[in-house]
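Computed from a prediction, not measured in an experiment: that's the story for all the values here.
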Amino acid sequence: MEYAVRDTVALDEENQALVIIDQTRLPQEEVYLRLDQAGEIVEAIQKLRVRGAPAIGVAAAMGLYVCACRVSESDAACWRTKVRQIGAQISAARPTAVNLSWAVGRMLAVLDGDPGRTIPETLRALHDEACTIRDGDVRTCMQIGENGAALIRDGMAILTHCNAGRLAAVRYGTALAPVYRAAEQGKRIRVFADETRPLLQGARLTAYELSRAGIDVTLLCDNMAASLMAQGRIDAVFVGCDRVAANGDAANKIGTLGVAILAKHFGVPFYVCAPTSTVDLSCPCGEQIVIEQRDPSEVSRMWYAHPMAPEGIRVYNPAFDVTPHELITAMITEKGVCRDYSNLPQLV
Ligand code: MRU
């Protein structure tokens, strides 16, 4: 596969480094980072320099490969142990998006797949697996785009929450892939982007990437979606997802549940777009999904010139919530559109 230099996540083959666009600097500046140390890769995932479930999966796989290249250990068994430790460190960086542990798990399966392999042979195999995971993401997102675009009619207005676009994957995204594909098909679409408090992925990232792509996008505060829906101005909701439980419950950015409840109330179809790698069959239902809790300062002071809450105030700052499957009209995966979640195990 040919790769544009500016994919969201890429491998610098010459210097064995992970290359990411630093999403904390958007939309002001497009800064690319070259990372090759486990600590800085973990930091980049935790600080959301690279974020979005598919993107952190690919970054973790490439990151583990570049770190493995730097483990100076001549004994193959000791080398494998060190690489395994780095894998565990990267995998634990964030808890909710299953793609992170899924991608590291695939890399570790390759690491331990053939104990007879030399270190250079294993490195080659790790490199190839990381590239396979990246290629899979590109293909999968294109297919989600194709499957989702079939649900979009000319002239539709679509609401999205957070950023599940190009910046959340290698190249196309999940929830925005149908939008991009529908636009390519000549359909006129309007997108309404929730700003997505507290980290403003909708304002900083979705509004940025859609406007750059020439898609008609309007930004709104999270508390404005109800009024838009009440006026009949939203035809469908498309969101991404970080982990789908076996019963179809789906964890996504905090606030998604509220949008799903609104959509149900106003009779607006609510679509969750997810690669099948986001389905976690070992997790029976949404209540079992671990929800990441984040730094209180993201709510109380970040983005403000002065703190906007009293010093020391208790803050509730979960990064995700779970939408029960009853509120999800359909799940759009690379394998098709799933409306009956008892079929999820067959899909994966
Ligand atoms: O905390 P973030 O920015 O990583 O959260 C991202 C989301 O919630 C996305 O909607 C999800 O990961 C799907 S991305 C295709």
Side-chain angles (χ1 to χ4, degrees), residues 3-4 6-10 20-28 30 32 48-59 97 99 134 137-149 151-152 156-185 187 189-196 199-220 222 225 234 236-242 250 252-256 259 270-275 277-278 319-320 331-334:
Y3 280 90
R6 291 314 190 205
D7 284 342
T8 302
V9 183
I20 57 164
I21 179 166
D22 184 348
Q23 300 193 35
T24 63
R25 311 278 286 270
L26 291 171
Q28 279 80 16
E30 267 195 25
Y32 287 83
L48 313 192
R49 298 186 196 289
V50 58
R51 36 72 45 209
I56 56 179
V58 176
N99 306 60
R134 172 199 60 194
D137 176 71
V138 173
R139 265 196 313 273
T140 295
C141 289
M142 281 179 79
Q143 199 52 53
I144 289 173
E146 205 61 50
N147 296 340
L151 299 166
I152 298 178
M156 258 188 164
I158 290 166
L159 179 80
T160 192
H161 189 74
C162 193
N163 172 267
R166 180 177 85 77
L167 290 162
V170 174
R171 210 177 281 174
Y172 301 107
T174 57
L176 296 187
V179 170
Y180 289 128
R181 185 67 193 116
E184 279 167 13
Q185 292 167 347
K187 296 173 187 165
I189 315 143
R190 294 192 70 189
V191 177
F192 288 89
D194 280 348
E195 66 173 351
T196 318
L199 293 174
L200 305 178
Q201 289 92 334
R204 295 187 301 107
L205 309 176
T206 299
Y208 167 80
E209 69 162 84
L210 286 177
S211 54
R212 278 186 43 131
I215 307 274
D216 181 333
V217 57
T218 303
L219 181 64
L220 57 139
D222 298 336
I234 300 294
V237 177
F238 280 73
V239 294
C241 164
D242 284 80
N252 190 48
K253 180 52 54 195
I254 189 75
T256 304
V259 178
F270 182 90
Y271 298 116
V272 170
C273 300
S277 57
T278 303
F320 303 96
M331 197 146 304
I332 302 166
T333 76
E334 75 277 18

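Looking at R204 and E209, no side-chain N of the basic residue comes within less than 4.0 Å of a carboxylate O on the acidic one, giving no salt bridge.
A193 and G202 make their closest contact through CB-O, 4.3 Å (heavy atoms, listed as atom of the first residue, atom of the second, distance).
You'll find the side chain of D194 reaches within 4.5 Å of the side chain of V259, heavy atoms only. P54 is listed as a side-chain neighbour of T174, based on a closest heavy-atom distance under 4.5 Å. Under the 4.5 Å side-chain criterion, counting only non-hydrogen atoms from C-beta, Y180 is in contact with L210. Looking at K187 and M156, their side chains never come closer than 4.5 Å, going by heavy atoms from C-beta outward. At a threshold of 4.5 Å between non-hydrogen side-chain atoms, the residues E334 and R139 do not count as touching. Looking only at side-chain heavy atoms (C-beta outward), L159 and F238 stay at 4.5 Å or farther from each other. Side-chain contact between P275 and C141 is absent, with no heavy-atom pair separated by less than 4.5 Å. With contacts defined as side-chain heavy-atom distances shorter than 4.5 Å, the pair T256/F270 qualifies.
Just one residue in the list I189, I215, V237, I234 forms a side-chain contact (heavy atoms from CB on, under 4.5 Å) with I158, and that residue is I189. For the pairing with E30, the salt bridge (Lys or Arg N to Asp or Glu O under 4.0 Å) check across R212, R25, R6 returns one residue only, R212.
With hydrogens and angles ignored, the 3.5 Å screen pairs a side-chain donor or acceptor of T8 with a backbone N or O of R166. A donor-acceptor pair under 3.5 Å links the side-chain atoms of D222 to the main chain of T196, judged by distance alone. The closest donor-acceptor contact from the side chain of S211 to the backbone of A207 lies under 3.5 Å. No side-chain donor-acceptor contact under 3.5 Å links N252 to the backbone of V239. Side-chain N or O atoms of H161 include one that pairs as donor or acceptor with a backbone N or O of I254 at under 3.5 Å. Looking only at distances, a side-chain donor or acceptor of T206 sits under 3.5 Å from a matching main-chain atom of C162. In this structure, D137 contributes its side chain and V170 its backbone to a donor-acceptor pair below 3.5 Å.
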(message) Determine whether Q23 and R49 satisfy the following criterion, side chain to side chain donor-acceptor pair (under 3.5 Å), listing intermediate values before the conclusion.
(response) CA-CA 5 Å; Q23 300 193 35; R49 298 186 196 289; over 6 Å; no
(message) Applying side-chain contact (heavy atoms from CB on, under 4.5 Å) to I21 and L167, what does each step give before you reach the verdict?
(response) CA-CA 8 Å; I21 179 166; L167 290 162; 4.0 Å; yes
(request) Could you please spell out the steps behind the side-chain contact (heavy atoms from CB on, under 4.5 Å) verdict for R51 and L199? (result) CA-CA 11 Å; R51 36 72 45 209; L199 293 174; over 6 Å; no
(request) Starting from the C-alpha separation in whole Å, work towards a yes-or-no answer on side-chain contact (heavy atoms from CB on, under 4.5 Å) for L220 and E195. (result) CA-CA 6 Å; L220 57 139; E195 66 173 351; over 6 Å; no
(request) Begin from the C-alpha positions of D216 and V191 and carry the test side-chain contact (heavy atoms from CB on, under 4.5 Å) through to its verdict. (result) CA-CA 6 Å; D216 181 333; V191 177; over 6 Å; no
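Residues passing the side chain to side chain contact (heavy atoms under 4.5 Å, CB included) test with A149 are R181, A182, Q185, sequence neighbours excluded.
There is a side-chain donor-acceptor pair under 3.5 Å between T24 and D22. In summary, the side chains of N99 and T278 do present a donor paired with an acceptor at a separation below 3.5 Å, with no hydrogens or angles considered.
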